[in-house]
Structure formats: structure tokens, C-alpha cells
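Just so you know, these numbers use all the heavy atoms, side chains as well, and skip hydrogens, waters and symmetry mates. Counting convention: from 1, in listed order, for ligands and their atoms alike.
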Amino acid sequence: MRSIFTLLLVAASSIAFAAEPGDELLRSVAAKEYPSLEKFYLTTHTNPELSLQEEQTSKRLAAEWRAAGFEVTEKVGGFGVVGVLKNGPGKTVLIRTDLDALPVKEETGAEYASKITATDPAGKTVPVMHACGHDIHITSIIGVARAMAGMKDRWSGTLVLMGQPAEEIVRGAKAMLDDGLFTKFPRPDFCLALHVDSELEVGKVGFVSGFAMANSDSAEIVIRGIGGHGAQPQTTKDPVVIAAQTVLNLQTIVSREVRAIDPVVISVGSIHGGTKYNIIPDEVTLQLTIRTYKDDVRAKVFKAIERIVKGTAATAGVPPELEPKITFREGTPSTYNTPELVTRVTQTLRRTLGEENVIQRDPSMGGEDFGLLGRQEPKIPIFMYRLGSVSKEKVAASKAGGPALPSLHSSKYLPEREGTIKTGVVSMTAAALDLLKK
Ligand SMILES: [Zn+2]
Ligand SMILES: [Zn+2]
């Protein structure tokens, strides 16, 4: 039975960190490490770096993992960092954090808000902000590194930490794999990651079993017509009208060609053509984002887009030599959380955080390149879970019709840092300890 004193202690520590007792040691490690983790977090939040520019972030992270006792290799696939801690025979677990920030002007009002600007790939000066919470991920995995290094008697095997650049442009995971992540370093038996959730209460974690994030691809379509005078459309093949029809026809792929239980999104995010009100232009360019889960659905949707785009132009009388030009760009493949691993890890998370703090979430049509780690043959089970980051009061107020919660990538998104980081450290350490238990 617990004494009143212990109860008081637990009550006091659960103000910012609502979790059921389950592993006191883990929680005390998280509490002990928190002040220095907070310092790291604030520095990182104030000094965000764009994708492919994560030089300082990656250096600071490498120094922390090294200090925790990991063997650290820098510059893996750009500014990627790999930390390895070998601790006897057993399985190998990889834990990934992303490193990059976004071209967003921070409007959180925090005293530690970023005022940083950087030069984007187009040469433009842009504001930079950790609007996707990757600073929380980095900080949490530093806490995990310290906790695991300090509890070597509780596990056996190898822990690999992956600091991944360029997640926001979904290039970093591929770059690190191409640079030997699974060949130069111990090949993992399991891969784990966490990502902040902008709608979930702090202290809770969320999970999706199976497809969690989508295939995220794009297409550029140039619809070619025959230009001419706006007052004499009969002498032209008007690509503006064809483009308008194409945009609408494309939506029938989702509604008529794909099974209703296979999610697909086709959004035309950009449409450009023409110079002046009375000139029918020669061409109109469309840019699409295409989201799917299953690879066969993705292939079917690509084919349907091609057929509809070409068919719409042909129907309008565009001659074959001017048929539309279509370029597909495969972005990142979907993230499939391996159900067996999800079951195992969520059981551990329930024991550690309490049943009510482990919540099933809906899958998302967003993209994330962590999924690539689960697609390398022979396939490795992977699991990315979500980390609650918003105060209970704000979640309740938004559910009651109050102010909407800022989404990820919003200039106003600011996680509740203490509870989020502590839950990140405790949950991920508990998961790693379970997968590497003696
Ligand atoms: Zn993001
Ligand atoms: Zn993110």
C-alpha cells in the first residue's frame, strides 16, 4: 500500500504529467533529466533550421547522444546522426527523431519564440519555426538515450538512435537509408518513432494500427490547347475550359472508380494559365497532390488520372499531337504500423501510462517518410505513435465549441513542453525496454 506521502508526491508530479503509476523509476528519470532537457528544448525551439540545413541541430544532438554514452556518427545522409549503444546479446531497436523546422513565422507569443530567418532553396529569405514539434521529438529522444544508458541492467541488445534531417520534404529517411543506415549500422528488428499530436491531451499517447499515414504523391499536368482571341473561341481549343472540366472530372476517380473503403484524396492545389482577359492561352498548368494508402490503389489512381486528363482534352477536340503532358512525382510511401508491434507496444504503454492515457486515433492522409524504414526487404516491423501535447483545458474548450486548436504547421502551435517531453521520454523508454528485455 502506498503511504500518503507517496500519494502526495505522485499527485504533485502529475500536475504537468498525468500518468498512472506503472514505472516509478522511469518517471523519476524523466523528472531528474527534465531541467536539462528543457534547456535543450528551448535552445532548439529558438534556433530552428529548415530542411537540409539542420547543421547546428544535428551537432547539438550528436553531442548529447555522445555524452550519454552512445557511439555517434554524424553526416549520415546529409545532416543525419546515428547513435549506437551496444549492451550485450539480443534484439536491435531503432528509435527515430526528425530534426527539421518549417518556413513559418512563429506567432505563439512565447518568450522563447523563434525570430530566426533563413534562405530557402529558391533564394528567398523566410522565417523559420519548429511548427511541427520536431524539437519535442529531438529532446525526448535525448531523454530516452540517457534513460536507456542509465538502466543498462534492465535490458540487453542494441539501441540505435536515428536523427533524421529533411522530414518535411520527405527526403531524409531515404538519404539515410541510401547512406547505409541499415548496412553500416546494426540492422534493427523493430523501428519506433513518435510525433506530437496537436489535438491530443498532454500525458496521453495515440496510436493507429495498420495504415497510419498516406502515400503522398504529386502530378504536374500541362493542358495544351490552341490559343487565340477571347472574342473568337470557335477558332481555338480553349485550355482554360478544358482545365476546368479536368478538375471536376478528376473527382470522379474518388467517387466512382475506387472502392469507398479505400481512402483517396486528389486535390488540385495550383492552376495557372493565361495572361489577359481577352486572350485564350495556349496552355494551362495544374499541380495535384494525390493521397492513397494501398500501393495498388495508388497505381490505379495514376492510370485513371492519365486517362481522364487525356480523354477530357480529346473530347474538346485537342489534336493528338497536343495531348496533355503529365508528370507524376512519387513523394513518400504510406506508413503502415505493423499491427503485432502496435499491440505489443501499446500494452506496454498502457501499463506505463495508464489505460485511459493510450488512445486509438484515426489514420491521416498526411505524408511521413518514417514509413520507408518498414519497406526495406526483409521487412522490419515499425510503429510511430502520437504524443499528446495540448493542455486538458484547451482540448475541452475546443470540444465545447471554443477556440479551435492550432494544427501542426500552424504559426500558433505551441506544445505544453514539460508534460509532452516527460511523456515522450517515459513512453519511448518503456517501449524500448520492453522490446529489449532480457
Ligand atoms: Zn510537419
Ligand atoms: Zn512533423
Novice: Classify the side-chain pair S51/D100 by whether it contains a donor and acceptor separated by less than 3.5 Å.
Specialist: yes

Novice: Would you mind naming the N, O or S atom of H409 nearest to the Zn ion (ligand 1)?
Specialist: NE2

Novice: Are side-chain heavy atoms of L288 and I266 found at a separation under 4.5 Å?
Specialist: yes

Novice: Show all protein N/O/S atoms under 2.8 Å from the Zn ion (ligand 2), or state that there are none.
Specialist: C132 SG, H134 NE2, H195 NE2

Novice: Main chain of K152, side chain of N87: is a donor-acceptor contact present, judged purely on distance under 3.5 Å?
Specialist: yes

Novice: Would you please classify the geometry between the F302 ring and the F328 ring as parallel, tilted or perpendicular, with 30° and 60° separating the classes?
Specialist: parallel

Novice: For H45 and Y112, take the angle between the two ring planes, folded into 0 to 90°, and tell me which bin it lands in: parallel under 30, tilted 30 to 60, perpendicular over 60.
Specialist: perpendicular

Novice: Are S36 and R146 close enough that a side-chain donor and a side-chain acceptor fall under 3.5 Å?
Specialist: yes

